Amino acid sequence: MESEKPTEETGLLQTHELYKYILETNVYPREPEPLKELRALTASHPWAVMGTAPDAGQMIGLLLKIVGAKKTIEVGVFTGYSLLLTALTIPDDGKIVAIDPDREAYEIGLPVMKKAKVEHKIDFIESKALPVLDKMLENPDNEGSFDFAFVDADKINYINYHERIVKLLKVNGIMVYDNTLWFGTVAKPESSVPDYFKEGRVSAIQLNKSLAADPRIDISTVPLGDGLTICRRLY
């Protein structure tokens, strides 16, 4: 019987072969060299599975371009794959507020960001995210000023992050939540879910119900990586 531990070998698809086909056909050929380099650096990390899946990253890059994002928020950085992707995509005078309590993981990717000459776009804040987001909202100028947000952090706080981010985003701004299908366990009975997935599963299910009921946003959940839920602020 195959292990049910997290894996990026298939994402949420049915077969390794199909996932490999998608990656090799249209993801890897378009992946910028700095991202390939950072992905290779991250592969040896014991928590490499926490990195943004490259197929999910491709979608994020497309969304950034569609909205013409210039000012963005990233909650949860890890080694910085999605952060580097955003920095490569937004204009040279764009800015990213990147929040994560783990500077050590961020510094794994930092040399690649410096080499790619995008470090000046990044405001890395070593902290838990809620205090930083609350502090940002104390300044009225920050409300409704961000074009895009990406959240890939502690799942239990996703709902709390959402309440703050929706205020920080512009109307028609985009927010993306990662891991919203939690390795497919959201659709499984709790009794069949391994203990190490259960807390995240509960948080994902609660978030998905909350987002679906939120009249302030449009939503679409797509089975890329570990599940991306894409939201657009309506008002």
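As the structure is a computational prediction, the values presented were derived from the model and not from experiment.
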With clusters defined by side-chain heavy atoms of hydrophobic residues (ILVMFWY) lying less than 4.5 Å apart, directly or transitively, does Trp47 cluster with Leu38? no
Would you say the side-chain atoms of Asp226 pair up with the backbone N or O of Phe183, donor to acceptor, closer than 3.5 Å? yes
Within a strict 4.5 Å, meaning less than it, do heavy atoms of the Leu35 and Leu84 side chains meet? yes
Please say whether more than 12 non-hydrogen atoms of neighbouring residues, nucleotides or ligands are located less than 6.0 Å from CD in Glu199. no
Is the shortest side-chain heavy-atom distance between Ile217 and His162 below 4.5 Å? yes
Is the shortest side-chain N to carboxylate O distance from Lys20 to Glu17 below 4.0 Å? no
Spacing of CD belonging to Glu104 relative to CG belonging to Leu110, to within rounding of 0.5 Å: 13.0 Å
Judged by atom type as modelled, is there a donor-acceptor pair below 3.5 Å linking the side chain of Ser210 to the main-chain atoms of Gln206? no
Does Gln58 reach the main-chain N or O of Asn26 with its side chain, forming a donor-acceptor pair under 3.5 Å? yes
Are Lys115 and Glu33 close enough, and set up right, to give a salt bridge (Lys or Arg N to Asp or Glu O under 4.0 Å), and what steps lead you there? CA-CA 11 Å; Lys115 182 179 174 183; Glu33 286 303 317; over 6 Å; no
Backbone N/O of Ala69 and side chain of Asp147: donor-acceptor pair under 3.5 Å: no
Evaluate the side-chain contact (heavy atoms from CB on, under 4.5 Å) criterion for residues Tyr81 and Arg39: first the C-alpha distance (whole Å), next the side-chain angles of each, then the deciding distance (0.1 Å), finally the verdict. CA-CA 7 Å; Tyr81 186 94; Arg39 185 159 52 81; 4.1 Å; yes
Look only at the side chain of His120 and the backbone of Asp92, and say whether a donor-acceptor pair between them is shorter than 3.5 Å. yes
Output the distance between atom SG (Cys231) and atom CD1 (Ile174), rounded to the nearest 0.5 Å. 8.0 Å
Same cluster (ILVMFWY, side-chain, under 4.5 Å), Val222 and Tyr19: no
Nearest heavy-atom contact between Leu83 and Glu74 is N-OE2, 3.3 Å
Does the Asn142 side chain pair with the main chain of Leu137, one donor and one acceptor, at a distance under 3.5 Å? no
Looking at Val186 and Ala204, what are the two nearest heavy atoms and their distance? CG1-CB, 3.8 Å
Between Asp134 and Val132, is any pair of side-chain heavy atoms under 4.5 Å apart? no
Heavy-atom pair of closest approach, residues Ala149 and Ile165: CB-CG2, 3.6 Å
Is there a donor-acceptor contact under 3.5 Å linking the side chains of Thr221 and Thr229? yes
Please confirm whether the backbone N or O of Gly225 pairs with a side-chain atom of Asp55, one donor and one acceptor, at under 3.5 Å? yes
Side chains of Asn172 and Arg233, donor plus acceptor under 3.5 Å: no
Geometric class of the Phe124/Tyr106 ring pair [parallel <30°, tilted 30-60°, perpendicular >60°]: parallel
For the pair Arg164 and Glu143, find out whether any cationic side-chain nitrogen is under 4.0 Å from an anionic carboxylate oxygen. no
Are Phe150 and Val75 linked, directly or through other ILVMFWY residues, by side chains that come within less than 4.5 angstrom of each other? no
So which heavy atom on Phe197 is nearest to which on Trp182, and how close? O-NE1, 2.9 Å
Taking the side chain as every heavy atom from C-beta outward, state whether Leu63 and Phe148 have any pair of such atoms under 4.5 Å apart. yes
Can you tell me which residue among Ile22, Leu85, Leu23 is in a side chain to side chain contact (heavy atoms under 4.5 Å, CB included) with Pro54? Leu23
One pair to check against side chain to side chain donor-acceptor pair (under 3.5 Å): Ser145 and Lys170. What are the steps and the verdict? CA-CA 5 Å; Ser145 70; Lys170 295 176 178 177; over 6 Å; no
Minimum side-chain heavy-atom gap Lys167-Met136 below 4.5 Å: no
Taking atom CG of Leu62 as the centre, does the number of heavy atoms from other residues, nucleotides or ligands within less than 6.0 Å exceed 12? yes
Name all residues meeting the ring-ring contact (aromatic ring centres under 6.0 Å, His included) criterion together with His45; count only those two or more places apart in sequence or in a different chain, and write none if there are none. Phe78
Non-hydrogen atoms of Pro32 and Leu88 that approach each other most closely: CB-CD1, 4.2 Å
What pair of heavy atoms forms the shortest contact from Ala98 to Ile122, and how long is it? CB-CG2, 4.4 Å
After noting the C-alpha distance and the side-chain angles of Thr79 and Leu41, does the key distance pass the side-chain contact (heavy atoms from CB on, under 4.5 Å) rule? CA-CA 9 Å; Thr79 62; Leu41 276 175; over 6 Å; no
Distance col, row Glu119:CD vs Lys114:NZ, nearest 0.5 angstrom, shows 5.0 Å
In one Ile/Leu/Val/Met/Phe/Trp/Tyr side-chain cluster, 4.5 Å: Ile99, Val166: yes
CG of Leu228 to CE of Met59: how many Å apart, nearest 0.5 Å? 7.5 Å
Hydrogens and angles aside, do Lys95 and Thr72 bring a side-chain donor and acceptor to less than 3.5 Å of each other? no
Regarding Asp152 and Tyr177, do their side chains bring together a donor and an acceptor under 3.5 Å, going by distance alone? no
Is there side-chain contact between Ile90 and Lys71, with heavy atoms separated by less than 4.5 Å? no
Between Asp102 (side chain) and Ala105 (backbone), is there a donor-acceptor pair under 3.5 Å? yes
Distance alone, cut at 3.5 Å: any donor-acceptor contact between the side chains of Asp154 and Tyr161? yes
Counting N and O atoms only, with roles assigned by atom type, does the side chain of Asn208 sit under 3.5 Å from a partner on the main chain of Thr180, one being a donor and the other an acceptor? yes
Membership question, hydrophobic clusters at under 4.5 Å side-chain separation (ILVMFWY): are Ile73 and Tyr158 in the same one? yes
Run the side-chain contact (heavy atoms from CB on, under 4.5 Å) check on Ile230 and Ile219 step by step: do they pass? CA-CA 6 Å; Ile230 302 163; Ile219 66 170; over 6 Å; no
Under the criterion side-chain contact (heavy atoms from CB on, under 4.5 Å), I'd like the reasoning laid out for Asn157 against Lys128: C-alpha separation, chi angles, the key distance, then a yes or no. CA-CA 11 Å; Asn157 271 312; Lys128 293 183 177 180; over 6 Å; no
For atom NZ of Lys36, decide whether the heavy atoms of other residues, nucleotides or ligands shown that lie under 6.0 angstrom number more than 12. yes
I need the Phe146 CZ to Leu168 CG distance, nearest 0.5 Å. 6.0 Å
Does any N or O in the side chain of Arg201 come within less than 3.5 Å of the main-chain N or O of Lys188, such that one atom is a donor and the other an acceptor? yes
Does atom NZ of Lys209 have more than 12 heavy-atom neighbours, drawn from other residues, nucleotides or ligands, at distances under 6.0 Å? no
Rounded to the nearest 0.5 Å, what separates atom CG in Leu64 from atom OG in Ser82? 10.0 Å
What I'd like to find out is whether the side chain of Val151 reaches to under 4.5 Å of the side chain of Val176, using heavy atoms alone. no
